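Data first, discussion second: the structure below is written as structure tokens.
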Amino acid sequence: MDAHGDLVQGSWLSAVAMDATVRAGGLLQALTGAHTIRRLDVPTLTMQAALLRQLLLPVTLDAVGAPRSRQEWGQRFDRGCFSAQESEKIGDYLTHRYGDRFRLFDDKRPFAQVTGLLALSGETKPSMLLVPTIASGNNVPLFSTRSEADHLELSPAQALLWLLHAQCWDTAAIKTGAVGDPQAKAGKTTGNPTGPLGQLGVIMPVGRNLYETLLLNTPILPDGLEETDRPQWAWDERPATLGWKSPSGPEWSARPAGGLLDLLTFQSRRIRLIPEDTEAGVRVRQVVVCAGDRLTQTPQTEPYTAWNHTAKPKAGQPPHRPRRHMSGRAAWQGMAALLSLALPAHSDGPYTSLLLRQIGDLRGDEVLPADYPLGVEVCALEYGNQSAVVENAIADTLPLPVVSLVAADTWLRSALLECVEQAERTGRALDSLHAHLRRAAGGDPLPRDKGERPSARFLHTVDTSMRRLLTGLRTIGEDYDLLERAQDAWELTLYQSALREADLLLAATPARAVVGRTEKVNGNEVVFRSGKAAAVFHKQLNETLPRALDLRAAQREESLV
């Protein structure tokens, strides 16, 4: 980047090309050459979500426009890249129209920041405040090699990425009060929520290259973008009648999103990067981070989340709420939510994201081929202590057969959900065996929230097999025989892995468990012994994996011939 931090032409965005080489370029080069880029080269999936949401996608939408029908979407997909006319529009957008608004250190309009933002205390904070994995303020892990006394020197490219990340994922609670903000009191602002993405579990479809990823993340809008909808860098073009505060000033407001572009570029913080000249070049060592706009409600047009549907919501509450990811679970374990294509009729339940439903519709109209290698990236941050600290990051990538997203075609979707349920039931059977063996040996079952459970080890063991299964089924087309063979192989994998785990549990059980002991459970005397526990486990395993049972029986018959 130059002294102004030019996002359009500067070499700040690192990407992996289709030939696997890593190269850096500016925003214009990345978008017009999106078909030549396999993926963005950024530190975390949460940063990729922020970069796509806050910058790449809204620029594309505002410059080129959203497709108004599935047919138009399909024409863009079949072309495989931006047309010459679309590339010209992107170029004009990033140069003549808004080129001066994509400069990180501009004196008048620094990108995604507030010019001259000052804290009421007059103090600045270390740049580590933007990086949730580094100790800063309340976000201090028990063991850390850094403290607030240390400096983190961010290059302009790093500072930009973490700036966008903070606008999406920043922690909640107390923020520095800004000069010129009438809502700041005693030098601070309280009651701040997390950034918009921190309040949901992000689900991003990904394609074979950046162009297809952008297209897969583009909602089809029959009426186009709202006329008054503008991204944050063009806020001055929005009508001032609503009383909402400009993101280029220190004041903020609690408000709904004013359209898709506003939602994607929502400025949940008021930030100023402070550049310094060093021997290594321009670096950001200090920042000012203050309260920003508060999204009063996640709109139903939010493309990046699945939903929890409530059939009978309480007064004043919406029927749909963003669904969060669960820590410690692989993405495929949440397959039921990803493949929930219809609202539960009379009950509570999950409802998948707008983008995944759209992909299913595109396949249903044969706009997307049945063997398209769709990927799904899920990510989230897990907050603790009133959401003022980051406790964990959730990130996973999942291959997903496009056919499973077709609402009118249930055969593959049902099979996938059955495979996931079989893994979960087998894991529960192992946990039940473990609890039974502990009681037979004279102990107590593990508390629900403590200790390592056999199911966790088992699910980790079969994780690679599930991903291999999903990858293979992406090319299934309408080959029902292939699905049958895949389910047979999956059940055998579960059976063999479960037996290995069960053998380890039985081998670790002391001899006194053979005799066992008798306990009163719910007023009834129950005998716990290792032999009984093993018998119950094998019965549960056979009920859960009927194909594996039949295959083993057939193998035994063949061996006797």
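Side chains included, hydrogens not; waters and symmetry mates left out as well; all remaining heavy atoms used. All residue numbers in this chain count up from 1 along the given sequence. Model, not experiment: these values are computed from the prediction.
- M47 and L161 get closest at one heavy-atom pair: SD-CB, 3.5 Å.
- The backbone N or O of P247 sits nowhere less than 3.5 Å from a side-chain atom of W235 that would complete a donor-acceptor pair.
- With sequence neighbours left out, R285 forms a salt bridge (charged side-chain N to carboxylate O under 4.0 Å, His left out) with E153, E276.
- With sequence neighbours excluded, no residue forms a salt bridge (charged side-chain N to carboxylate O under 4.0 Å, His left out) with D479.
- Tested against I37, the residues R23, Q29, M18 include a single side chain to side chain contact (heavy atoms under 4.5 Å, CB included) partner, R23.
- N217 places a side-chain N or O within donor-acceptor distance of the main-chain N or O of P205, the cut-off being under 3.5 Å.
- A side-chain donor-acceptor contact under 3.5 Å links E86 to the backbone of S83.
- Side-chain atoms of R324 come within 3.5 Å of backbone atoms of G198 as a donor-acceptor pair (strictly under, hydrogens ignored).
- Expressed to the nearest 0.5 Å, how far CG of L118 lies from OG1 of T176 amounts to 11.5 Å.
- The CG atom of L152 sits 11.0 Å away from atom CG of L129, with the distance rounded to the nearest 0.5 Å.
- Separation of atoms CG (L260) and CD (E302) is listed at 9.0 Å; rounding is to 0.5 Å.
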Any chance you could lay out the side-chain contact (heavy atoms from CB on, under 4.5 Å) test for T194 and D170, step after step, and finish with the verdict?
CA-CA 6 Å; T194 67; D170 191 38; over 6 Å; no
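- In this structure, L295 CG and F266 CZ are separated by 4.5 Å, a value rounded to the nearest 0.5 Å.
- With sequence neighbours left out, N209 forms a side chain to side chain donor-acceptor pair (under 3.5 Å) with no residue at all.
- When the side chain to side chain donor-acceptor pair (under 3.5 Å) test is applied to E377, the partners found at least two apart in sequence or on another chain are Q48.
- Here the CG atom belonging to D365 is positioned 10.0 Å from the OG atom belonging to S69, to the nearest 0.5 angstrom.
- In terms of heavy atoms, S387 sits closest to T171 at O-CB, 3.5 Å.
- Every ring pair (Phe, Tyr, Trp, His ring centres under 6.0 Å) that W162 has, sequence neighbours left out, goes to H165.
- In this structure, W307 and P322 approach most closely via the heavy-atom pair CE3-N, 3.6 Å.
- The side chain to side chain contact (heavy atoms under 4.5 Å, CB included) test with L405 singles out one residue from T352, L374, L368, and that residue is L374.
- Sequence neighbours left out, the pairs with a member in residues 193-210 that pass salt bridge (charged side-chain N to carboxylate O under 4.0 Å, His left out) are R208-E212.
- Q232 and T265 share no donor-acceptor pair across their side chains, judged by distance under 3.5 Å alone.
- A side-chain donor-acceptor contact under 3.5 Å links W490 to the backbone of C419.
- Listed by chain and residue number, N308 satisfy the side chain to side chain donor-acceptor pair (under 3.5 Å) test with R323 (two or more places apart in sequence, or in another chain).
- Taking a cutoff of 4.0 Å between a charged side-chain nitrogen and a carboxylate oxygen, R269 and D293 do not qualify as a salt bridge.
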Check step by step if side-chain contact (heavy atoms from CB on, under 4.5 Å) holds for Q113 and L104.
CA-CA 8 Å; Q113 300 165 74; L104 195 60; 3.6 Å; yes
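- Residues satisfying the side chain to side chain donor-acceptor pair (under 3.5 Å) test with E227, not counting sequence neighbours, are none.
- The heavy-atom pair separating D229 from L261 by the smallest distance is OD2-N, 2.7 Å.
- Judged purely by distance below 3.5 Å, without hydrogens or angles, the side chains of W332 and D396 never pair a donor atom with an acceptor atom.
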Please lay out, stage by stage, how R68 and D223 fare under the test salt bridge (Lys or Arg N to Asp or Glu O under 4.0 Å).
CA-CA 7 Å; R68 298 194 174 214; D223 298 323; 5.8 Å; no
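- Not counting sequence neighbours, R294 has no partner by the salt bridge (charged side-chain N to carboxylate O under 4.0 Å, His left out) test.
- A distance-only check finds no donor-acceptor pair linking the side chain of Q199 to the backbone of P193 [under 3.5 Å].
- Contacts of A486 classified as side chain to side chain contact (heavy atoms under 4.5 Å, CB included), with partners at least two apart in sequence or in another chain: L469, L473.
- Around atom CD of E88, no more than 12 heavy atoms belonging to other residues, nucleotides or ligands sit under 6.0 Å away.
- Here the closest non-hydrogen pair linking L264 and Q54 is O-NE2, 3.4 Å.
- The backbone N or O of T397 lies less than 3.5 Å from a partner atom in the side chain of R467, making a donor-acceptor pair.
- Under a 4.0 Å N-O distance rule, the pair D361/R357 does not qualify as a salt bridge.
- A donor atom on one side chain and an acceptor atom on the other are found under 3.5 Å apart for D41 and S14.
- With sequence neighbours excluded, no residue forms a salt bridge (charged side-chain N to carboxylate O under 4.0 Å, His left out) with K89.
- With respect to D62 and R230, a salt bridge is recorded, a charged nitrogen being found less than 4.0 Å from a carboxylate O.
- Between Y372 and F77, the ring center distance clears the sub-6.0 Å criterion.
- Taking both residues in full, the closest heavy atoms of L197 and A49 are given as CD1-CB, 4.2 Å, listed atom of the first, atom of the second, then distance.
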Before you tell me yes or no, could you show the steps for R53 and Y304 under side-chain contact (heavy atoms from CB on, under 4.5 Å), namely the whole-Å CA-CA distance, both residues' side-chain angles and the distance that decides it to 0.1 Å?
CA-CA 9 Å; R53 179 189 183 90; Y304 285 108; 3.2 Å; yes
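- The distance from the OG atom of S404 to the CZ atom of R363 is 11.5 Å, given to the nearest 0.5 Å.
- For residues 100-112, the side chain to side chain donor-acceptor pair (under 3.5 Å) pairs, not counting sequence neighbours, are R101-D236.
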Is there a side-chain contact (heavy atoms from CB on, under 4.5 Å) between R76 and F82 once you walk through the steps?
CA-CA 8 Å; R76 296 188 187 188; F82 288 112; over 6 Å; no
